[in-house]
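The basis for the numbers below is simple: all heavy atoms, side chains too, and nothing from hydrogens, waters or symmetry mates. Every chain is numbered from 1 and lettered A, B, ... according to where its sequence line falls, protein lines coming before strand lines.
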Number of protein chains: 2
Amino acid sequence: MWYALFMRKPYVVSINDIRLTSVLHALSDPRRLQIVMSLKGNAEQNCAIYHDMMPKSTLTHHLKVLREAGVAKVRIEGTQHFYSLRTEDLEQLFPGLLTAILNVQSELISH
Amino acid sequence: MWYALFMRKPYVVSINDIRLTSVLHALSDPRRLQIVMSLKGNAEQNCAIYHDMMPKSTLTHHLKVLREAGVAKVRIEGTQHFYSLRTEDLEQLFPGLLTAILNVQSELISH
DNA sequence: GTCAATGTTCTAGTTTTTTAGTATGAATGA
DNA sequence: TCATTCATACTAAAAAACTAGAACATTGAC
């Protein structure tokens with residue numbers, strides 16, 4: 001379609017629209033938090049590594065929540081999507097928050 | 001007083017049962033986060049100050065979520081309930097987390 | 001063009017959460 | 001005892017979130 005050129009880049013939430021409640025909500029789901037933990041240390045992950053965690057459509061949903069909250073961003077390369085955390089943006093808005101969360105021991109994450 | 005022994009103590013979540021996802025979920029609601037912010041700096045607040053924010057039963061619900069997640073605790077004095085944050089427990093489990101959240105500027109909290 | 005690989009969108013069913021009215025309980029003072 | 005205050009419990013309805021199957025879209029290789 002004619003607008004395909006504009007859709008190649010996924011919508012990214014402006015740093016000015018990131019809000020704490022949305023970020024906390026995005027991080028409050030065990031599966032999303034697991035995804036976020038896997039992106040620790042500026043890691044970039046392809047969706048494929050999560051496919052044993054959940055069905056594709058469920059994964060897409062969770063990644064969308066993370067993107068729309070401003071927690072994660074995606075880089076598209078061919079047919080593959082590579083996800084990473086918006087570490088700098090989050091640090092700027094909420095100093096120390098992401099670090100504190102990423103440092104939590106796995107036993108304390110969820111029941 | 002002798003009958004103090006029979007006084008109902010509110011259920012308190014053991015520190016061993018506090019989980020990050022539950023804490024983040026509790027903090028992800030704008031009204032609950034507003035309550036938490038009002039408890040900053042070891043403040044202790046009586047429920048009454050929140051009564052212009054929402055109906056009593058709604059307030060009770062939100063306070064219960066905060067208590068059950070291990071974010072807040074309550075001290076009962078007569079008919080009044082005084083709420084405060086479990087600052088030390090949270091700092092022990094999730095170093096830096098609560099501080100990071102309490103330091104967020106109000107404009108960045110919610111839409 | 002056709003095909004396979006990779007993800008998204010659409011949709012619906014289920015579960016969880018939020019809200020708030022009403023009823024109930026516990027403590028206090030007259 | 002009785003009324004009052006303060007807060008929780010119960011209940012039901014509405015809203016939001018989660019899950020996942022099926023269809024669709026995009027890319028790259030042949």
Side-chain angles (χ1 to χ4, degrees), chain A residues 1-12 19 21-35 44-69 71-84 110-111, chain B residues 1-12 19 21-35 44-69 71-84 110-111:
Chain A
M1 314 202 180
W2 67 269
Y3 52 83
L5 290 171
F6 298 95
M7 296 188 67
R8 290 203 52 187
K9 284 205 171 177
Y11 173 72
V12 178
R19 289 296 177 278
T21 50
S22 304
V23 169
L24 295 178
H25 170 255
L27 297 172
S28 71
D29 180 272
R31 304 169 98 172
R32 285 197 294 264
L33 197 48
Q34 198 176 341
I35 291 173
E44 202 181 41
Q45 298 286 2
N46 178 250
C47 302
I49 72 156
Y50 307 116
H51 282 168
D52 52 347
M53 285 172 56
M54 62 193 103
K56 284 198 305 179
S57 58
T58 304
L59 175 61
T60 294
H61 162 71
H62 286 305
L63 292 173
K64 186 178 183 182
V65 173
L66 289 172
R67 271 188 287 112
E68 292 185 341
V71 173
K73 61 180 186 293
V74 63
R75 180 176 64 82
I76 299 178
E77 192 178 297
T79 61
Q80 302 200 97
H81 292 200
F82 293 95
Y83 277 83
S84 57
S110 66
H111 285 286
Chain B
M1 308 167 215
W2 68 270
Y3 55 79
L5 294 170
F6 299 93
M7 284 167 61
R8 282 254 173 82
K9 280 206 173 178
Y11 173 70
V12 178
R19 289 296 178 278
T21 50
S22 305
V23 169
L24 295 178
H25 171 256
L27 298 172
S28 71
D29 181 273
R31 304 169 99 171
R32 285 196 293 265
L33 197 49
Q34 198 176 341
I35 292 173
E44 203 180 39
Q45 299 285 1
N46 178 251
C47 301
I49 73 156
Y50 306 116
H51 282 170
D52 52 348
M53 285 173 56
M54 63 194 104
K56 283 200 305 180
S57 58
T58 304
L59 174 60
T60 295
H61 162 71
H62 286 304
L63 291 172
K64 186 178 183 183
V65 173
L66 288 172
R67 271 188 287 111
E68 292 185 342
V71 172
K73 61 181 186 291
V74 63
R75 179 176 64 81
I76 299 178
E77 193 178 298
T79 61
Q80 303 201 94
H81 291 200
F82 294 94
Y83 277 83
S84 57
S110 66
H111 285 287

Practice item. Please work out if B:Phe82 contacts a base, only the sugar-phosphate, or nothing of the nucleic acid, heavy-atom cut-off 4.0 Å. Key: nothing
Exercise for review: Report which part of the nucleic acid B:Tyr83 touches: base, sugar-phosphate, or nothing (heavy-atom distance under 4.0 Å, all strands).
Suggested key: sugar-phosphate
Tell me: [atom1] of [X] to [atom2] of [N], nearest whole Å?
X: A:His62; N: D:dC18; atom1: NE2; atom2: P; answer: 6 Å
X: B:Leu63; N: C:dT18; atom1: CG; atom2: C1'; answer: 14 Å
X: A:His51; N: D:dT19; atom1: NE2; atom2: C1'; answer: 15 Å
X: B:Ile76; N: C:dG25; atom1: CD1; atom2: C1'; answer: 12 Å
X: A:His61; N: C:dT11; atom1: NE2; atom2: P; answer: 17 Å
X: A:Leu66; N: C:dT8; atom1: CG; atom2: C1'; answer: 16 Å
X: A:Glu68; N: C:dT9; atom1: CD; atom2: C1'; answer: 13 Å

**Study point:** Residue-level proximity of residues 22-33 of chain B to DNA chain D when a heavy atom falls under 4.0 Å
**Key:** none
Exercise for review: Scan for salt bridge (charged side-chain N to carboxylate O under 4.0 Å, His left out) pairs involving residues 45-54 of chain A, sequence neighbours excluded, and state none if there are none.
Suggested key: none
Check your understanding: Does any donor-acceptor pair link the side chain of A:Thr79 with the base of C:dG7 at a separation under 3.5 Å?
Key -> no
Exercise for review: Examine the side chains of A:Arg31 and A:Tyr50 and answer whether a donor and an acceptor come within less than 3.5 Å of each other.
Suggested key: no
